[in-house]
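Before any comments, here is the structure.
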Amino acid sequence: MSYWLVKSEPDAWSWQQQVEAGAKGTAWTGVRNHTAKQNLKTMKKGDHVFFYHSGVGKEIVGVAEVTREHFPDPTDKSKMFVAVDLKAVAPMPQPVTLAAIKGERALAEMALVKQSRLSVQPVTAAEWKLVCGMGGLKGV
DNA sequence: GCCAACGTTGGC
DNA sequence: GCCAACGTTGGC
């Protein structure tokens, strides 16, 4: 299993909406960056994904799971980009803020810190474990 | 509201 | 193929 992080402005699509979308999941569309696209294409069914709120919040608020591997993004006329389906799995008992991540030396290499504009990023197993610990989340 | 980072576009 | 201009993202 691989780990990832996706970003969304909660005004556009929030964790709450992801939760309300239910267990079938919804398409994660709108990615228009080739590095992010490549990450979407690498995602496998069952991979776990941190859900990060950019702009308002600036914190990891929950964990989602890939329920369908990449397919053409229906919102992309050019047919160049792809989407995956995600479903909400568990909220962070205590959201992990960007400030907290920046304050943790072991997380200094996270893409969230180093490539702040990338909207779909890989997360290492070590980073995943540490962030889950900071958020009080166990067993995902 | 500003600005840094960075991707994209288009002239040459 | 280079690079300046420009647009967007996202933190502060």
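Two end axes, each from the C1' atoms of five base pairs, can be drawn for the helix from B/dG1-C/dC12 to B/dC12-C/dG1; they diverge by 10°, to 10 degrees.
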message: Walk me through whether A/Arg32 and A/Thr75 qualify under side chain to side chain donor-acceptor pair (under 3.5 Å).
response: CA-CA 10 Å; A/Arg32 297 291 183 269; A/Thr75 70; 3.0 Å; yes

- request: Just do the side chain to side chain donor-acceptor pair (under 3.5 Å) check on A/Trp4 and A/Asn39 with the steps written out, would you?
  value: CA-CA 8 Å; A/Trp4 309 93; A/Asn39 289 331; over 6 Å; no

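Pairing each heavy atom of A/Met134 with each of A/Leu107, the nearest pair is SD-CD1, 3.8 Å. Scanning both residues, A/Val63 and A/Trp15, for their nearest heavy atoms gives O-CH2, 3.3 Å.
Residues satisfying the side-chain hydrogen bond (donor to acceptor under 3.5 Å, both in side chains) criterion with A/Asn33, sequence neighbours excluded, are absent altogether.
Within the structure, every pair that satisfies the ring pair (Phe, Tyr, Trp, His ring centres under 6.0 Å) test and touches residues 52-89 of chain A, not counting sequence neighbours, is listed here: A/His34-A/Phe81, A/Phe51-A/His53. The side-chain hydrogen bond (donor to acceptor under 3.5 Å, both in side chains) analysis of residues 83-106 of chain A, with sequence neighbours excluded, yields no pairs.
In this structure, A/Gln18 contributes its side chain and A/Leu86 its backbone to a donor-acceptor pair below 3.5 Å. The main-chain N or O of A/Ser14 is found under 3.5 Å from a side-chain atom of A/Gln17 such that the two form a donor-acceptor pair.
One finds no salt bridge joining A/Lys37 and A/Asp73 here, because no Lys/Arg side-chain nitrogen approaches an Asp/Glu carboxylate oxygen to under 4.0 Å.
Residues of residues 27-39 of chain A that place a heavy atom closer than 4.0 Å to DNA chain B, in numerical order, are A/Asn33, A/His34.
Nucleotides of DNA chain B that come within less than 4.0 Å of any heavy atom of chain A span, from the 5' end to the 3' end, B/dA5 to B/dT8.
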